[in-house]
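Chain letters run A, B, ... following the sequence lines, proteins first, then strands; residues in each count from 1. In this text, all values refer to a predicted model and were calculated from it rather than measured experimentally.
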Protein chains: 2
Amino acid sequence: MSRWGMVKKTRSSQRREEALSRDRIIEASIALLDHSGESGLTFRTLSERLATGPGALYWHIVNKSDLTTAACDAIVARTLEAPQVGATPKAAIRTLALGMFDAIDAHPWVGSALTRAPGQAPMVRILEGIGQQVRALGVPGDAQWAAASALLNYILGVSGQNAANAQFARAHDLDRSNFLESVSTAWSQLDPDEYPFTRSVAGQLRAHDDRADFLAGIDLILSGIGSPLAQ
Amino acid sequence: MSRWGMVKKTRSSQRREEALSRDRIIEASIALLDHSGESGLTFRTLSERLATGPGALYWHIVNKSDLTTAACDAIVARTLEAPQVGATPKAAIRTLALGMFDAIDAHPWVGSALTRAPGQAPMVRILEGIGQQVRALGVPGDAQWAAASALLNYILGVSGQNAANAQFARAHDLDRSNFLESVSTAWSQLDPDEYPFTRSVAGQLRAHDDRADFLAGIDLILSGIGSPLAQ
DNA sequence: ACCTGAACACCGTTCAAGT
DNA sequence: ACCTGAACACCGTTCAAGT
C-alpha cells in the first residue's frame with residue numbers, strides 16, 4: 001500500500017513470479033481451453049495470462065499446433081497413466097476406452113486436438129495401450145494392427161463427434177440437452193420417404209446415453225475381433 | 001486486340017458472366033478446396049475467383065461454416081447417389097463405406113468438414129444409408145442405433161485421420177508416402193520398454209494399404225453385429 | 001539466454017453506399 | 001434484390017531491440 005505513492009507510473013500488468021517454461025505455458029493453455037473452449041486459446045490471451053508478450057511464448061514452443069498437441073498429450077498421459085494390473089484384456093480395453101471418453105467429455109478440445117495430430121504422441125499413447133491388450137487377447141500377429149486400428153479409429157471418431165457437438169453447442173449458446181433436442185427435432189422433420197431410418201431413431205437421440213452407446217460400439221468391435229468370421 | 005486502344009482504363013477484374021448463386025459459390029469453393037486444401041478457401045480468394053467482393057457472398061451463404069458444410073454435402077450426395085439394388089446388406093454397407101473412403105481420399109477436406117458438422121445434412125445422408133442396410137440385415141429394432149452409429153463413428157474416425165494426414169503432409173510439403181515414412185521412422189525409434197506394440201507395427205505402417213485396412217475394420221464391426229456375443 | 005511489444009500479413013464479417 | 005469494397009476486430013508469427 002505504501003508503495004502507491006512512491007511511483008509515478010504503476011505498472012499495470014503484474015510482473016510474473018516464476019520464469020516462463022514450456023510446462024507453465026501448457027498448463028495455462030489447458031486452463032484457458034477448459035474455461036473458454038477452442039476459440040479461447042490465442043497467443044494474446046495466453047500471454048496476458050502469463051504476464052508476458054506473445055513473442056516470448058515462441059522461445060518455448062514451436063507454434064500453435066505444437067502447443068495444442070502438447071496440451072492434449074498432457075491430458076491423455078494423465079488419463080492413461082494408471083496401470084491396469086489383473087484385468088482381463090477386454091476389460092482393460094473397455095476401461096481405457098471409457099477413460100478416454102470421460103476425458104474428452106471433460107475437455108472437449110482434446111477430441112479435436114487428437115484428430116488433428118495423426119501419428120503424434122497423444123495418439124501413439126492410445127494405440128500402445130490398445131495394442132498391448134490386443135496382443136494379450138491372443139490375436140495373431142498379422143491381425144493385430146487391424147484390430148488395434150479399428151478400435152483406435154472408432155475412439156477417434158467418437159472423440160471428434162463429441163468435440164464437435166460441444167463446440168457447436170457452445171457456438172450456439174445451447175447446453176448439451178438443448179443441442180440434442182434441436183438435432184432430434186430436425187431429424188424427425190425429415191422427408192419420411194428419403195430418411196425413414198434417421199426419422200425412426202430421432203426419438204432415441206433425445207434420450208440416449210452417449211457413454212453407454214460408446215461402450216456398445218467398443219463391445220461390437222471386441223466381439224468382431226473374437227468372432228471366427230473375422231479371421 | 002483492337003479493343004486495347006479504345007479504352008483509357010481497362011477494368012482489371014473481368015465482370016462475371018452469370019449472376020452469383022449459392023450453387024456457383026459452392027462449386028467454386030469445391031474447386032478451391034480441391035486445388036489448395038483447407039487453407040486455400042478464404043472469402044478473399046473465393047470472391048476474387050467469382051469476380052465479386054467478399055461481402056457479396058454473404059447474400060447467398062450464412063457464414064464460412066455453412067459454406068464448408070454445403071460443399072461437403074455436395075460431395076457426399078454425389079458419392080451416395082447410386083442406388084444399391086440387388087446387393088446383400090453387408091455388400092451394400094461395404095460399397096457405401098468404400099465409396100466414402102475414396103471420396104475422402106480424393107477430397108481430404110471432406111473428412112474434416114464431416115467431423116465438424118455433427119447431426120447435419122452430410123452426416124445424416126451417411127447415417128441413413130447405413131441404417132437402411134442395418135435394418136435389412138435383420139438387426140432387431142433396439143440394436144439398430146448402436147450398430148449404425150458404431151459404423152458411422154468408425155467411418156468418421158478414419159475420415160478425420162485421412163484428412164489430418166493429408167493436411168499434415170501438405171503443410172510439411174511431403175507426399176503421402178514420405179509422410180508415412182517419417183511417422184514410421186519416428187515410431188521405430190520409440191522406447192522399446194514403453195512402446196513395444198507401436199514399435200512392432202512401425203514397419204507395417206510404411207507398406208500398409210489404407211483402403212484394405214479400412215475395409216478390414218468395417219468387416220470387423222459387421223461380424224461383431226452378426227455375432228451372438230453382441231446380442 | 002530469455003523476454004518485450006510493435007509490426008506484418010493475414011483472417012471472417014459487417015455495413016453504408018451504390019445499382 | 002443484389003452487389004461493392006472499405007473498414008472493423010481480430011488472428012498467428014516475426015524480429016529488432018532490450019536485459
Side-chain angles (χ1 to χ4, degrees), chain A residues 9-26 28-29 32-33 36-72 109 112-113 116-117 167-168 170-173, chain B residues 9-26 28-29 32-33 36-72 109 112-113 116-117 167-168 170-173:
Chain A
K9 242 196 233 166
T10 56
R11 235 192 163 299
S12 65
S13 65
Q14 224 180 328
R15 208 67 185 61
R16 91 188 77 82
E17 320 264 302
E18 290 174 83
L20 273 179
S21 71
R22 189 174 160 89
D23 277 350
R24 286 197 64 228
I25 293 173
I26 290 167
S29 303
L32 226 33
L33 287 162
S36 330
E38 286 179 64
S39 63
L41 179 66
T42 72
F43 280 81
R44 280 166 184 82
T45 56
L46 182 58
S47 62
E48 208 171 313
R49 191 108 151 187
L50 290 165
T52 183
L57 302 173
Y58 283 86
W59 191 263
H60 302 276
I61 60 163
V62 178
N63 52 34
K64 191 174 183 181
S65 152
D66 171 52
L67 177 59
T68 322
T69 303
C72 172
W109 55 271
S112 42
R116 264 185 278 107
Q167 183 151 11
F168 189 94
R170 183 189 283 268
H172 294 73
D173 261 315
Chain B
K9 239 197 234 165
T10 54
R11 234 192 162 298
S12 64
S13 65
Q14 224 180 328
R15 208 68 185 58
R16 92 187 76 84
E17 321 263 304
E18 291 173 83
L20 273 179
S21 72
R22 189 172 160 90
D23 277 351
R24 287 197 64 227
I25 293 173
I26 290 168
S29 301
L32 225 33
L33 287 162
S36 329
E38 287 179 62
S39 64
L41 180 65
T42 72
F43 280 81
R44 281 166 183 81
T45 55
L46 181 57
S47 62
E48 207 172 315
R49 191 108 150 188
L50 290 165
T52 184
L57 303 173
Y58 282 87
W59 191 262
H60 302 276
I61 61 164
V62 178
N63 53 34
K64 193 174 182 181
S65 153
D66 169 53
L67 177 59
T68 322
T69 303
C72 173
W109 55 271
S112 41
R116 265 184 278 107
Q167 183 151 11
F168 189 93
R170 184 190 282 270
H172 295 73
D173 263 315

d(Thr42(B) OG1, Glu48(B) CD) to nearest 0.5 Å is 8.5 Å
Here the gap from Ile26(A) atom CD1 to Leu46(A) atom CG, rounded to the nearest 0.5 Å, amounts to 10.5 Å
Ring pair (Phe, Tyr, Trp, His ring centres under 6.0 Å) filter on Phe43(B), not counting sequence neighbours, yields Tyr58(B)
Glu48(B) CD to dA6(D) P, in whole Å, measures 13 Å
Interatomic distance, OG@Ser29(B) vs CG@Leu41(B), rounded to 0.5 Å, equals 5.0 Å
- Task: Spell out, as yes or no, whether a donor-acceptor pair under 3.5 Å connects the side chain of Ser47(B) to the backbone of Leu57(B).
- Result: no
Value for NE2 (His60(B)) from CG (Asp23(B)), rounded to nearest 0.5 Å, stands at 11.0 Å
Rounded to whole Å, the CG-C1' distance (Leu50(A) to dC3(C)) equals 13 Å
Hey, is the side chain of Trp59(B) poking within less than 4.0 Å of OP1 or OP2 on dC2(D), counting only N and O atoms?
yes
Select base, sugar-phosphate, or nothing to describe what Leu41(B) touches, counting heavy atoms under 4.0 Å on all strands. sugar-phosphate
What one should report as the nearest heavy-atom pair of Lys64(B) and Thr68(B) is O-OG1, 2.7 Å
Measure all distances between protein nitrogen or oxygen atoms and nitrogen or oxygen atoms of nucleotides 13-17 of chain C, and list the pairs falling under 3.5 Å.
unit_1  : atom_1 : unit_2   : atom_2 : d
dT13(C) : OP2    : Tyr58(B) : OH     : 2.7
dT13(C) : OP2    : Lys64(B) : N      : 3.0
dT13(C) : O5'    : Tyr58(B) : OH     : 3.0

Whole-Å distance, Leu57(A) CG to dA6(C) C1', equals 16 Å
Carboxylate-amine/guanidinium proximity below 4.0 Å for Glu38(A) and Arg116(B) = no
Separation of dA1(D) atom C1' from Arg22(B) atom CZ, nearest Å, is 18 Å
Between CG of Asp66(A) and C1' of dG12(D) the distance, given in whole Å, is 14 Å
Rounding to 0.5 Å, atoms CH2 (Trp109(A)) and CG (Leu32(A)) come to a distance of 10.5 Å
Intra- and inter-strand pairing of DNA chain C, written as dot-bracket with Watson-Crick and G-U pairs under 3.5 Å and | for the latter, reads ||.|||||...|||||.||
Here the distance between atom P of dC3(D) and atom CG of Leu46(B), to the nearest Å, is 13 Å
Rounded to whole Å, CD1 of Ile25(B) lies from P of dC2(D) at a distance of 12 Å
